[in-house]
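Comments concern the structure below.
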Amino acid sequence: QVQLVESGGGLVQAGDSLRLSCRASGRAFSLYAMGWFRQVPGKEREFVSALSRNGETTYYAGSSNGRFSISRDNARNAMYLQMNALKPEDTAVYYCAARVTDPFDSGSFYYTSVKDYTLWGQGTQVTVSS
């Protein structure tokens, strides 16, 4: 079973950029559709971005569209979230998530709900100061 570990979080100023990484251990990373979520204390975990198994389909929450970019490198068992023009409201713990997909489908499906994912990393803190 795939295990996920996030990295790349930190404290930055508004307008700065960060690149989050999600490294997967285990087998068959290429069979997983992936996503990024974030959570602040007292609030539900919210969707940030999703990426299909084949890497060709992406989807972004409205708050991140145009500023964030999701990608994956199956050869490295890794997924990334490039975050530009960060805002204080982007402050949160960021989680990567994975769900296994049917190897016989097109590979182009993505998922935006917390309940769609079965595997989660431990999270990485992103803090954006004003």
Side-chain angles (χ1 to χ4, degrees):
Q1 176 164 307
V2 169
Q3 293 183 317
L4 307 174
V5 178
E6 304 94 335
S7 63
L11 172 62
V12 297
Q13 293 186 330
D16 287 349
S17 297
L18 276 176
R19 189 193 195 206
L20 304 184
S21 297
C22 175
R23 303 282 179 179
S25 62
R27 302 174 62 182
F29 174 74
S30 61
L31 289 180
Y32 287 78
M34 305 293 294
W36 286 99
F37 290 76
R38 66 188 183 187
Q39 189 170 22
V40 298
K43 291 191 175 182
E44 293 186 351
R45 194 166 294 187
E46 68 172 8
F47 169 75
V48 175
S49 182
L51 180 63
S52 61
R53 183 183 80 227
N54 62 14
E56 295 178 359
T57 306
T58 60
Y59 188 77
Y60 299 90
S63 59
S64 57
N65 203 4
R67 299 187 297 126
F68 295 180
S69 178
I70 190 172
S71 61
R72 68 189 296 162
D73 184 343
N74 286 345
R76 298 178 183 271
N77 278 15
M79 176 181 66
Y80 307 99
L81 184 68
Q82 177 68 42
M83 304 188 295
N84 299 324
L86 283 162
K87 304 175 181 180
E89 50 264 43
D90 293 319
T91 296
V93 177
Y94 283 72
Y95 297 90
C96 70
R99 67 166 278 159
V100 70
T101 60
D102 182 345
F104 298 103
D105 71 20
S106 67
S108 62
F109 297 109
Y110 62 86
Y111 304 90
T112 62
S113 175
V114 169
K115 62 179 176 60
D116 290 328
Y117 292 89
T118 56
L119 300 173
W120 295 86
Q122 84 291 347
T124 185
Q125 176 71 47
V126 172
T127 303
V128 184
S129 64
S130 58

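Along the sequence shown, the residues carry numbers beginning at 1. Source: prediction; values computed, not measured.
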Can you confirm whether [X] sits close enough to [Y] that some side-chain heavy atom of one is under 4.5 Å from a side-chain heavy atom of the other?
X	Y	value
V128	K87	no
N54	F109	no
M83	L20	yes
Q39	Y95	yes
R45	W120	yes
R53	D105	yes
S108	E56	no
Y60	R67	no

task = Tell me yes or no: between the side chains of R99 and Y117, is some donor less than 3.5 Å from an acceptor?
result =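 No, no side-chain donor-acceptor pair sits under 3.5 Å.
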
query = Do the ring planes of Y59 and Y110 sit parallel (below 30°), tilted (30 to 60°) or perpendicular (above 60°)?
reply = parallel

ask   = Closest approach of T112 and F37, non-hydrogen atoms and distance?
value = O-CE2, 3.7 Å

note = For S49 and L81, the nearest pair of non-hydrogen atoms, with its separation, is CB-CD1, 4.2 Å

task = To the nearest 0.5 Å, tell me how far R38 CZ sits from D90 CG.
result =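 Taking CZ in R38 and CG in D90, the distance rounds to 5.0 Å.
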
